[in-house]
Amino acid sequence: MLLYKNNAASTLASGIDSDDLSLTVDTGDGTLFPAITGSDVFFVTLSGTTGFEIVKVTARSTDTLTIVRAQEGTTAKAFSAGDKVEMLITAGHFEDLRDQSIRYDS
């Protein structure tokens with residue numbers, strides 16, 4: 001299931017390289033993001049001076065998020081401590097809603 005939470009935002013506690021598969025948000029901010037169980041996931045957007053990247057979060061342990069890089073056509077990039085980590089609505093969210101809509105014929 002795709003998880004959502006209003007106003008979930010933080011910054012990177014330390015930088016990540018383009019091949020890292022986890023990130024750490026500022027101390028205590030992990031609880032701002034959804035708790036993941038089973039196959040649940042959520043998406044966050046990383047943004048900084050290098051641009052932005054959308055990543056899928058597959059696990060959250062305290063302030064550490066396990067991620068799948070380069071989602072929705074973005075490219076994996078390096079990000080610095082202090083760069084933004086935010087749950088934002090993306091084109092992919094709207095495409096998922098469209099694809100899940102039920103049509104009834106009269």
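All of these numbers come straight from a predicted model, not from anything done at the bench.
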Handout entry: Interatomic spacing from CD1 in I16 to CG in L23 - rounded to 0.5 Å
Key =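 The CG atom of L23 is 5.5 Å from CD1 of I16, to the nearest 0.5 Å.
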
Practice task
Return each pair, listed once, that meets salt bridge (charged side-chain N to carboxylate O under 4.0 Å, His left out) where at least one residue sits in residues 15-39; pairs must be two or more places apart or across chains.
Solution key: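 Those involving residues 15-39 do not exist here.
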
Exercise for the section: Using the salt bridge (charged side-chain N to carboxylate O under 4.0 Å, His left out) rule, collect all pairs that involve residues 79-95, keeping only residues at least two apart or in two chains. Expected result: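 Sorted result for residues 79-95: empty, none.
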
Exercise for the section: Measure from the side-chain N and O atoms of D63 to the backbone N and O of G30, and report whether any donor-acceptor pair falls under 3.5 Å. Expected result: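 A pair under 3.5 Å: yes.
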
Handout entry: Summary of side chain to side chain donor-acceptor pair (under 3.5 Å) pairs that have at least one residue in residues 33-44, sequence neighbours excluded
Key =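 Residue pairs passing side chain to side chain donor-acceptor pair (under 3.5 Å), neighbours aside: T37-D40.
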
Practice task
Check side-chain hydrogen bond (donor to acceptor under 3.5 Å, both in side chains) between T75 and all other residues, then give those that pass, not counting sequence neighbours.
Solution key: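 side-chain hydrogen bond (donor to acceptor under 3.5 Å, both in side chains) check on T75 returns nothing, list empty.
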
Could you pull out every donor-acceptor pair under 3.5 Å between side chains of residues 46-53 and any protein atom, sequence neighbours left out?
residue	atom	partner	partner atom	Å
T50	OG1	A78	O	3.0
E53	OE1	R69	NH2	2.7
E53	OE1	K77	N	3.1
E53	OE2	R69	NE	2.9
E53	OE2	A70	N	2.9

Practice task
Go through the steps to decide whether F33 and V44 satisfy the test side-chain contact (heavy atoms from CB on, under 4.5 Å), and finish with yes or no.
Solution key: CA-CA 9 Å; F33 296 89; V44 296; 3.9 Å; yes

Problem - Contacts of T66 that satisfy side chain to side chain contact (heavy atoms under 4.5 Å, CB included) - sequence neighbours left out - result: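 Applying side chain to side chain contact (heavy atoms under 4.5 Å, CB included) to T66 gives T58, A59.
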
Handout entry: Under the side chain to side chain contact (heavy atoms under 4.5 Å, CB included) test, residues paired with T64 that sit two or more places apart
Key =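 In terms of side chain to side chain contact (heavy atoms under 4.5 Å, CB included), with neighbours along the sequence ignored, T64 is linked to S22, T24.
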
Practice task
Return the minimal non-hydrogen interatomic distance between R60 and I36, and the atom names on each side.
Solution key: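 Shortest heavy-atom contact: N-CD1, 4.2 Å.
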
Practice task
Kindly give the heavy-atom pair with the smallest separation between S14 and A81, and that separation in Å.
Solution key: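 Closest approach of S14 to A81, heavy atoms only: CA-CB, 3.8 Å.
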
Handout entry: Summary of ring-ring contact (aromatic ring centres under 6.0 Å, His included) pairs that have at least one residue in residues 2-26, sequence neighbours excluded
Key =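 Sorted pair list: Y4-H93.
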
Assigning hydrophobic clusters by single linkage (Ile, Leu, Val, Met, Phe, Trp, Tyr; side-chain heavy-atom cutoff under 4.5 Å), is [X] placed with [Y]?
{"X": "V41", "Y": "L3", "result": "no"}
{"X": "M1", "Y": "L65", "result": "yes"}
{"X": "V25", "Y": "I54", "result": "no"}

Exercise for the section: Could you check L2 against F43 for side-chain contact (heavy atoms from CB on, under 4.5 Å), going step by step and ending with a plain yes or no? Expected result: CA-CA 8 Å; L2 188 55; F43 290 83; 3.4 Å; yes

Problem - Full working for side-chain contact (heavy atoms from CB on, under 4.5 Å) between F42 and K5 - result: CA-CA 9 Å; F42 62 89; K5 196 165 183 185; over 6 Å; no

